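Working notes, beginning with the structure itself.
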Amino acid sequence: MMEKKKKTKKIKDKKEELEFKPKHIAELSSKIQIEADKYTQKYINFLNNCKTERETIKYIQQIATKYGYKRFDKNINYKPGDKIYFNIKNKSIILSTIGNSQLSNGTCIVASHVDSPRIDLKTKPLYSDSELAMFKTHYYGGIKKHHWITIPLALHGVIAGKNEKVIEVIIGEPSDDTTFCITDLLPHLDRMNDRERMWGEVIAGEQLNVIAGSLPFKEKNENSDAKFSILKLLNKKYNITEEDLICADLSLVPAFNAKNIGLDKSLIGGYGQDDKVCVYASLMAELQTKNNKQTTISVFTDREEIGSDGNTGLASDMLKNYLMMLCKMDINMYLECVENSICLSADVKAAFDPTWAHAYERNNCAYLNHGICISRYTGGGGKAGTSEARAEFTRRIVNTLNKNKIAWQTSSNKVDQGGGGTVARFIANLGIEVIDIGVPILSMHSPYEIVSKLDAYMMLKAISAFLM
Ligand code: MN
Ligand code: MN
């Protein structure tokens, strides 16, 4: 009898075969740079038109409608290929393309967030001090406060007027419109102990006061308070009074546009790229989805920057409710759907910054131009405040990325250095397999965040591969 030849395992003996060492994306192909340039031109335009969560949701709903998405109706029996959107109070939105497979076989979820750190006006913001009209503010999200002073700011948001009609406000865009500003003390007068202040103390939250105007109120026999000249201007422009400012969502955001950075134009600087770089990739991938096996659930959520609390954040039941409605309130179908659903939590990751190298662990941090980052967990010291992707699910995602030739790396925070959470844990708490993937970013949460065009484009490719 012939003896069966035993299969011999091929032993890997080359360094590059044994080691996981992501390369600079530009070294992988030259075609990809052209594609990335084309993609990011449109992305820059999106950034400049979507500075707040409401503007982003409006943009997403408009473009989705153009692509044939219809408002979700829980009474309709959707069929494969149908495209729907579920708007949550104009501050979050979910887009879906119904898949060929039944919902009990699970969905493919991508969650990114549309809110970014900013300076909100207080509920009763306007006051005057020493002939200046000023706004009191309360910042939103985690900021280094000194980044937000002495830069041009634009006022974005809505005012719910007395007739309950919503007035949209944008002051400070386009670039020749008037702007706002938070002042700082000149260096000449900022001596004494002031120079030794920690960054958290350079300016206090209650000192983030914004100049709104400086001309006196000109009516006869009236108080010449600057506050009233501003109220008069607001009344003329929007037909509102001070009470209407209480019924308003008004935020100050950087008044400048996104631009290329570097002589080679390889990077993009702009406000709100956390997390618009993932929002745009997720949106473009969702719009292009067709003949998909599993139903897509592209979630664009509000409130991530303050911990996802509130009725438009992912700590609420909004995703659960949507899945329940898709499952026609059939609890068995819902439970199976959740059991079999998988999710990418798409959010930016801190990129290694050589100037601040001490804050990173070089073996486990993200590098610009090295592709999308996989983070199995985020959170702080002792892996607190985070979910963690299981080994098996991590392998599944890694295989998808490898199969589709997507440049990827891994990233986790330096132990005990700090670190924030993402929406991943809220989705994981529903019982869904989740992993964080994201684009490396410099100067995160500053008014001018920086990403690489190649990484931004890679994110589109990664999400598209996931949704297929
Ligand atoms: Mn984020
Ligand atoms: Mn953030």
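FYI, side chains are in, hydrogens and waters are out, and symmetry mates aren't considered; it's all heavy atoms of this structure. Keep in mind it's a predicted model, so treat the numbers as computed, not measured. Just so you know, ligand 1 is whichever comes first in the structure, and atom 1 is the first atom listed for that ligand.
- Because the distance cut-off is set at 2.8 Å, H113 qualifies as a neighbour of the Mn ion (ligand 1) through one of its N, O or S atoms.
- Shown here is E339, whose CD atom has no more than 12 heavy atoms of other residues, nucleotides or ligands within 6.0 Å.
- When you scan the N, O or S atoms of D274 for the one nearest the Mn ion (ligand 2), you land on OD2.
- In summary, E304 places no N/O/S atom under 2.8 Å from the Mn ion (ligand 2), failing the contact criterion.
- The environment of NZ in K144 is crowded: more than 12 heavy-atom neighbours from other residues, nucleotides or ligands sit within 6.0 Å.
- In this structure, K383 forms a cation-pi arrangement with Y377, its terminal cationic atom sitting closer than 6.0 Å to the ring centre and no more than 45° off the ring axis.
- The Mn ion (ligand 2) lies under 2.8 Å from an N, O or S atom belonging to H445.
- Sorting the N, O or S atoms of D347 by how far they are from the Mn ion (ligand 1) puts OD1 first.
- The environment of N291 atom CG is sparse: at most 12 non-hydrogen atoms of other residues, nucleotides or ligands sit within 6.0 angstrom.
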Problem set entry | Chi angles and distances behind the salt bridge (Lys or Arg N to Asp or Glu O under 4.0 Å) call for D436, R376 | CA-CA 6 Å; D436 266 288; R376 296 181 54 201; over 6 Å; no
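- Nearest N/O/S atom of E305 relative to the Mn ion (ligand 2): this is OE2.
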